[in-house]
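Worth knowing before you read on, the calculation uses all heavy atoms, side chains too, and leaves out hydrogens, waters and symmetry mates. Order of the sequence lines fixes the chain letters, A, B, ..., with proteins taken first and strands second; residue numbering starts at 1 for each chain. If you're wondering where the values come from, they're calculated on a predicted model, not measured in any experiment.
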Amino acid sequence: MDTYTHVSEGEGNQNTGSIKNKFNKKKKIFRNKALVKVSYIPEKISNIVHRDDVIDKLQDCLLDVSDNLSPNNIIIYGKMGTGKTVVTSLVLKDLQEVANENGIKLTILNVNCEGLSDNGVLGMINNALIYEIDGKIKDTIGNSMSRNSINLKKYYNKLDGLLIIVLDEIDKIKNPNIINQLMRTISTKNQQPPCLIMITNNINFKDYLAGHTKSVMAENEIQFNPYDAEQISDILKARAKEAFYPNVLAEMVIPLCAALAAQEHGDARKAMNLVLKSGEVAEIKGKETIEEEDVREANEIIEIDRITEIVKTLPTQSKVVLYSIILLRSKGREGKNVTTGEMYNVYRQLCHHLDIDILTQRRVTDLVSELDMLGLINSIVMHKGRYGRMKEVSLSIPFENTRKILLEDYRLRSLEDFKASVFNKMFSEF
DNA sequence: CCTCCACCGGAACGTGAGGAGT
DNA sequence: ACTCCTCACGTTCCGGTGGAGG
């Protein structure tokens, strides 16, 4: 496969390799690349398409601010790439402006909960609050829970006016009870409680809240539905108009990107990334237009990147399990299905070779299930009558690529010489 | 029709790491 | 420094499972 080298042949003119040549060619595709980057946030809410209903609803939920009242808490649901974060931040930006114009004091804090501990969330809110009040930047969140709580109370009392706290990816925190704690900590008799806007892609998030936490929160709920292919098409068109030079995109590029992204629950971010990558593929080839083949190639690159990331971050044991499947599917055994029994035997040999713990078969079946869920392998339960019940596994990702990625792990590197001859000898011993 | 293979997968339990509270 | 608690990761135990072969 040739997915990593996009240098097309047959254009070997005398200028190949000259940076000037590359520079000039490069300019022909993107007019403003930033617009199709995933991180791009439009300036105005009016730039957002197909989200009128939720924008409307969110605005309504926040209207209490006009009466100088703290709005009720809000939970925003929606899968990845449905525009939750962007819509929220733009609506709040507008709200802040309107509040300023009307002399209403309003503070908005943004905290992304991903990767934070429960206490970390409190700490981040704390720091954001301190920054708003004193303008001091604190880069540590390492206070104890109790100290964070005390500080939070202290600074919230100092705060003049309304407070809205946006908790993005709130499902990532381990203990949802923290929300209750936050409300308890921060609410005082002579002050209005803050408004929490909780953003999550987990539809069951509310169920995780304990009963009393749930009752504390008289919340509004807003659901962001996935985009369909047509809507993604519109979003892409709007951005592509500015992002690319005229006539760069072949007619079917956008519908194809939209269709590919819509297959996976209407993720607009994925679609945007695909357009970007397609442009880059065409750019590297030195082309002036983006065509279907570039999109397909870009899609493949994205997929390989995704798989690489997953495989790289697998625990060692899972890597060894995966490697034993690869071994069993390699030389001399093409077409033969791998059964869990065989696989477990090879796995044990590999562990022995690597000098690492050998897990029980029970545990390994769980690892196999996990690999299946990650989409790295396919497994089907087979009933072979007298010959028992077992799973047949096969790799659902590129063979050689995966092997290379696995061997990059220093703990598995010594498997490199564990090839056919050794393997065949070993296998004949079973 | 019954047996029995060779593993599946649920349940309960053990263990060590790490964080919170004192 | 200490206890307590939670959680991830593993193990042990054991009741299934569907069809080939007797």
> Quick one: which of A:Ile125, A:Ile197, A:Asn112 gives a side-chain contact (heavy atoms from CB on, under 4.5 Å) with A:Leu167?
Replying inline: A:Ile125

> For the side chain of A:Arg386 and the base of B:dC4, is some donor closer than 3.5 Å to an acceptor across the two?
Replying inline: no

> Checking only heavy atoms, does the side chain of A:Arg362 share a donor-acceptor pair with the base of B:dG10 at less than 3.5 Å?
Replying inline: yes

>> What's the closest nucleotide to the side chain of A:Arg363 if the choices are B:dC7, C:dT11, C:dG19?
In response: C:dT11

>> If you only use heavy atoms from C-beta on, which nucleotide in C:dT11, B:dG9, C:dA20 is closest to the side chain of A:Arg389?
In response: B:dG9

Taking atom [atom2] of [N] as reference, at what distance in whole Å does atom [atom1] of [X] sit?
X: A:Gln361; N: B:dG9; atom1: CD; atom2: P; result: 12 Å
X: A:Asp357; N: C:dT11; atom1: CG; atom2: C1'; result: 12 Å
X: A:Met382; N: C:dA20; atom1: CE; atom2: P; result: 10 Å
X: A:Met343; N: B:dA6; atom1: CE; atom2: P; result: 17 Å
X: A:Leu359; N: C:dT11; atom1: CG; atom2: C1'; result: 10 Å
X: A:Leu367; N: C:dC9; atom1: CG; atom2: P; result: 10 Å
X: A:His383; N: B:dA6; atom1: NE2; atom2: P; result: 15 Å
X: A:Lys391; N: C:dG16; atom1: NZ; atom2: P; result: 20 Å

On the nucleotide [N], are OP1 or OP2 found under 4.0 Å from the side-chain N or O atoms that [X] carries?
X: A:Thr340; N: B:dC8; value: yes
X: A:Lys384; N: C:dG21; value: no
X: A:Tyr387; N: C:dG21; value: yes
X: A:Thr360; N: C:dT11; value: yes

> Should A:Leu163 and A:Ser70 count as side-chain neighbours, where that means a heavy-atom distance under 4.5 Å?
Replying inline: no

>> How close do A:Arg269 and A:Val38 get, counting heavy atoms only, and between which atoms?
In response: CD-CG1, 3.2 Å

>> Does this structure show an ion pair linking A:Glu297 with A:Lys285, if we count only N-O contacts that are shorter than 4.0 Å?
In response: yes

>> Regarding A:Arg362 and A:Asp366, does a basic nitrogen lie under 4.0 Å from an acidic carboxylate oxygen?
In response: yes

